[in-house]
Number of protein chains: 2
Amino acid sequence: MEQLAEILKAKKLKVTPQRLAIYKVLYETSSHPTAEDIYTALRQSHPTMSLATVYKTLDALKKSDLATELNIGDDSSRYDATIKSHPHMICLNCGKVIDLHTDSLKDFKENVQKETDFDIVSEKVYFYGTCKECKSKKEQNKIND
Amino acid sequence: MEQLAEILKAKKLKVTPQRLAIYKVLYETSSHPTAEDIYTALRQSHPTMSLATVYKTLDALKKSDLATELNIGDDSSRYDATIKSHPHMICLNCGKVIDLHTDSLKDFKENVQKETDFDIVSEKVYFYGTCKECKSKKEQNKIND
DNA sequence: ATGGATGCAAAGTGTTTGCAGCCAG
DNA sequence: CTGGCTGCAAACACTTTGCATCCAT
């Protein structure tokens, strides 16, 4: 917790209880919550928290590269505390969003950089499909049928 | 134009003048228009066209895999007539969206498929950065300074 | 003939903004 | 002290929906 405040300070962001709480939620979960999710998660501990503050804070975190906004085609954006940019996999069956840590992206990017005359600053990569768990569940169902 | 109607019919979509016009715009441009862009483009030729129809049609095209919705983090979605799924490159300077046709994605996907136990059905890949033209413009400015 | 498509207006949803009061630095 | 942050409500922008009418098949 201490260290989170340090990170914020290092980015020259004022450390308020709200900010810390929002950043903490984002930092400690891997569930890629929406602004609303974060707001709901904090209502009990921070009864005065406002959704606008969540949005404003997420915006500040984004601008300081402490968070990434995911646009997976859903109605609302989901967020991820950025440690290092990475692709995401969305299960079309259960809706789960999974972080993908792989080095293969690097090669792909290098190829693209070479092929085109486009300077890549950042990227967003989403894979849609079926996750391991849902796959085995489907197998189970087949057997039971 | 004839063939566009055929494509729609093949997907069992009723061929109405509105649909044809919307699909034509999408099919013949590479500018990745928003729903509003398409609506504006067609107002003159189709004065009764409604924005709701554009949205409904885009939805129908999407469901039939004739169009793709791009979520590049902008306020509004942009659309692309799907010939074949491909990555997009967004210039952060001029806002242009460029189609990227490369085979390197295939290798990347195969690697990921092997590394994880996730069945990939589709993907969305966006690269953000500076396009060739904006790059040379920046060079020009440097020289002129 | 008839089920789906159109088009208008109204409603909905996620997000942003204005502003007064507040608090971290 | 002071500029930035909070929180409320109102405003916004994009998208969806309801429904009567229309038209492609």
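Values in this document were obtained by computation on a predicted structure and should not be read as measured data.
- Remark: C1' of C:dC23 and CG of A:L20 are 15 Å apart, rounded to the nearest angstrom.
- For A:K56 against C:dG18, a side-chain N or O and a base N or O form a donor-acceptor pair under 3.5 Å.
- Within the nucleic acid shown, B:T48 comes within 4.0 Å of sugar-phosphate atoms alone, with no base atom in reach, counting heavy atoms only.
- In this structure the side chain of B:Y27 reaches within 4.5 angstrom of the side chain of B:I83, judged on heavy atoms.
- Here C:dA5 presents its P atom at 17 Å from NE2 of B:H46, a figure rounded to the nearest Å.
- Interatomic distance, A:E123 CD to A:L105 CG, rounded to the nearest 0.5 Å: 5.0 Å.
- Separating the NZ atom of B:K63 from the C1' atom of C:dA5 is a distance of 14 Å, rounded to the nearest angstrom.
- Classified by interplanar angle (parallel below 30°, tilted 30° to 60°, perpendicular above 60°), the ring pair B:H86/B:H88 is tilted.
- For the 3.5 Å distance criterion, the side chains of B:D37 and B:T34 qualify, holding a donor opposite an acceptor.
- Toward the 5' end of DNA chain D, the nearer of the two residues B:K9 and A:Y39, judged by each one's closest nucleotide, is A:Y39.
- Straight-line distance from the CG atom of A:D59 to the C1' atom of C:dG14: 14 Å, rounded to whole Å.
- Dashed line: the shortest gap from a side-chain N or O of A:S50 to OP1 or OP2 of D:dT6 is not under 4.0 Å.
- When rounded to the nearest whole Å, the span between CD1 of A:I38 and P of C:dT15 equals 11 Å.
- Following rounding to the nearest Å, A:L13 (CG) and D:dG3 (P) show an atom-to-atom distance of 18 Å.
- For the pair B:D59 and B:K56, the salt-bridge criterion is not met [side-chain N within less than 4.0 Å of a carboxylate O].
- Toward the 5′ end of DNA chain C lies the nearest nucleotide of B:K14, the other residue of the pair B:Q18 and B:K14 mapping further downstream.
- As judged by a 4.0 angstrom heavy-atom cut-off over every strand, B:P17 is placed among residues touching the sugar-phosphate backbone only.
- Contact annotation: B:T16 does not reach the phosphate of C:dA5 (side-chain N/O to OP1 or OP2, under 4.0 Å).
- The distance from atom CG of A:L51 to atom P of D:dA11 is 18 Å, rounded to the nearest whole Å.
- Atom-to-atom, NZ of A:K62 to P of C:dT15 comes out at 9 Å; the value is rounded to the nearest Å.
- Taking side-chain N and O atoms only, A:S77 has a distance below 4.0 Å to OP1 or OP2 of C:dT15.
- Here D:dC14 is the nucleotide among C:dC8, D:dC14, C:dT15 with the atom lying nearest to any side-chain atom of B:Y55.
- Comparing D:dT25, D:dA9, C:dG7 by their closest approach to the side chain of A:A52 singles out D:dA9.
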